[in-house]
Number of protein chains: 2
Amino acid sequence: MECCHHFQNEGNVKKLCISIVPIFNHLSQEEMVEIANTSISTKYQKGEFIFQAGEPYDHLYIVHKGRVKVYHLGDSGKEQLIRILEPGDFLGELSLFSKQESDSFAEAMVETEICSIHRRDLQKILIKFPSISLKILEQFTHRLEQTEKLVSQLSLQDVEKRTASYLVELMDGKGEEHEIILPMSKKDLASYLGTTRETISRRLSSFQDKGWIEQTGQRNIRILNVKAIKKMAEQ
Amino acid sequence: MECCHHFQNEGNVKKLCISIVPIFNHLSQEEMVEIANTSISTKYQKGEFIFQAGEPYDHLYIVHKGRVKVYHLGDSGKEQLIRILEPGDFLGELSLFSKQESDSFAEAMVETEICSIHRRDLQKILIKFPSISLKILEQFTHRLEQTEKLVSQLSLQDVEKRTASYLVELMDGKGEEHEIILPMSKKDLASYLGTTRETISRRLSSFQDKGWIEQTGQRNIRILNVKAIKKMAEQ
DNA sequence: CGACAGGTTGACCGTTATCAAAGATCGTGG
DNA sequence: CCACGATCTTTGATAACGGTCAACCTGTCG
């Protein structure tokens with residue numbers, strides 16, 4: 001199941017790393033190897049930072065294994081979660097054209113393996129393989145969509161509706177009565193939805209009281225009334 | 001001063017339209033003409049929609065003249081302003097790779113002239129001129145940055161701080177004591193900052209009471225105490 | 001088993017939305 | 001050029017959503 005063991009040599013790790021990234025998956029083997037050769041593979045323990053706000057910012061990072069959260073920090077130390085990255089996602093793209101300095105934190109949520117490419121190398125690659133730009137554009141488009149949606153939810157909907165919207169996202173296509181697993185702690189979920197642990201806890205409890213859901217494990221939710229949740233979510 | 005009169009032929013309008021767009025401005029004359037020939041120029045009156053939520057979504061639109069606002073609509077009819085476009089900006093990019101259907105409204109704020117290119121034509125252009133992808137990527141990067149910043153402001157800062165932040169953005173580099181002009185009505189500003197007209201009005205009045213600003217015209221603000229505003233803005 | 005992060009629940013209070021009504025400004029047509 | 005309506009803006013009073021503080025509970029991991 002796991003594609004990559006720690007006793008493999010680094011070259012292989014990098015090649016595998018590159019090969020799982022959607023933006024590269026139309027390239028030939030040789031092209032991937034070429035790109036892999038310009039990259040560095042690094043391991044991060046849970047809680048370690050890939051980068052922090054204020055640090056110089058000149059690499060593209062590709063998550064190969066594990067999970068990373070990106071967030072901003074407010075005055076009181078309160079964090080706003082921007083997004084969570086899974087294997088194949090990349091971060092640090094903003095550095096390619098724009099700021100020299102990050103204003104966000106990227107933290108490994110579990111043990112994580114990341115390949116990084118320096119901005120100058122990536123720029124060379126983009127010129128050599130124009131099709132990659134299109135792929136990156138595609139992913140950017142998706143993220144922009146997500147982020148703009150989040151913006152309107154944050155100011156048009158109350159916490160209850162945002163919570164319901166999020167559940168609907170997780171339910172995706174699945175039909176009546178099924179179980180979903182939160183991809184993060186409720187603390188992080190609260191941060192993502194722009195609220196607090198306490199409030200998320202209250203809202204989920206109220207959904208449970210209404211018989212819409214049942215909270216089994218601390219990250220497991222059994223959906224009992226899809227319709228009611230969807231109705232709450234939309235507008 | 002104005003580059004384009006309505007009695008010009010359409011070809012010229014389109015060429016001018018293309019030529020002012022930053023993402024195209026490194027191309028040769030002939031290349032611009034080629035792109036201009038695949039585009040259509042349209043005029044919109046104030047209040048007219050370029051597109052509405054739910055409509056099919058298959059063009060890239062380039063603002064040539066005027067001003068356009070893009071927003072989402074909540075249940076109660078409350079709108080969340082996503083961004084305002086000036087000449088040279090483009091919209092509809094999300095259609096290129098992603099959704100077939102818009103979930104936002106694009107409305108002309110004044111009389112506006114727009115050139116549109118169909119997605120299939122643009123895709124051809126992107127393949128033919130790879131450097132354009134890089135330019136679009138650059139603009140996307142900037143927008144993503146802006147939008148992510150907005151997200152954290154919406155949930156980490158209260159309205160007072162968000163308002164101060166926005167003023168700081170407008171002040172840009174200018175030193176002590178100068179006048180700034182809001183690029184939109186306070187109503188729209190309220191929408192952009194995720195609050196209401198009334199609250200914006202109160203917050204600006206309170207800034208005025210403190211002697212930080214003076215509200216002259218309805219869109220003119222004389223900045224009196226840059227430091228205090230900046231201090232309020234950051235965290 | 002103990003410590004610690006995460007989660008729940010309750011009480012309280014502040015910021016901000018909402019409703020209402022009056023005032024200012026803009027654009028249009030007479 | 002003025003008058004009108006429409007739209008935007010201001011100000012006040014009120015209510016509530018949700019943040020904060022505090023205490024307690026729960027699960028997890030060394």
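In the text below, chain A, chain B and the rest are named by the order of the sequence lines, each starting its count at 1.
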*Parallel, tilted or perpendicular, as decided by the 30° and 60° cut-offs, for the rings of Phe51(B) and Tyr61(B)*: tilted
Side-chain contact check for Lys187(B): nearest option of dG27(D), dT8(C), dT9(D) is dT9(D)
Please determine whether a side-chain nitrogen or oxygen atom of Gln218(A) lies at a distance below 4.0 Å from atom OP1 or OP2 of dG6(C). no
Base of dG12(D) paired with side chain of Arg202(B) (donor-acceptor, under 3.5 Å)
yes
Rounded to whole Å, CG of Leu193(B) lies from P of dT15(C) at a distance of 18 Å
On DNA chain D, more 5' by nearest nucleotide between Gln215(B) and Arg162(A) is Gln215(B)
Among dT10(D), dG7(C), dT18(C), the one nearest any side-chain atom of Arg197(A) is dG7(C)
Among dT8(C), dT11(D), dC8(D), the one nearest any side-chain atom of Ser185(B) is dC8(D)
Taken to the nearest whole Å, CD1/Ile221(A) to P/dG7(C) is 11 Å
Original post:
Does one side chain, of Gln80(B) or Ser155(A), offer a donor that lies under 3.5 Å from an acceptor on the other?
Top reply: yes
Any sub-3.5 Å donor-acceptor pair from Thr195(B)'s side-chain atoms to Ser191(B)'s backbone N or O?
no
Q) Between Glu107(B) and Tyr44(B), do the side chains contain an N or O donor and an N or O acceptor separated by less than 3.5 Å? A) no
By nearest-heavy-atom nucleotide on DNA chain C, the more 5' of Arg203(B) and Lys46(B) is Arg203(B)
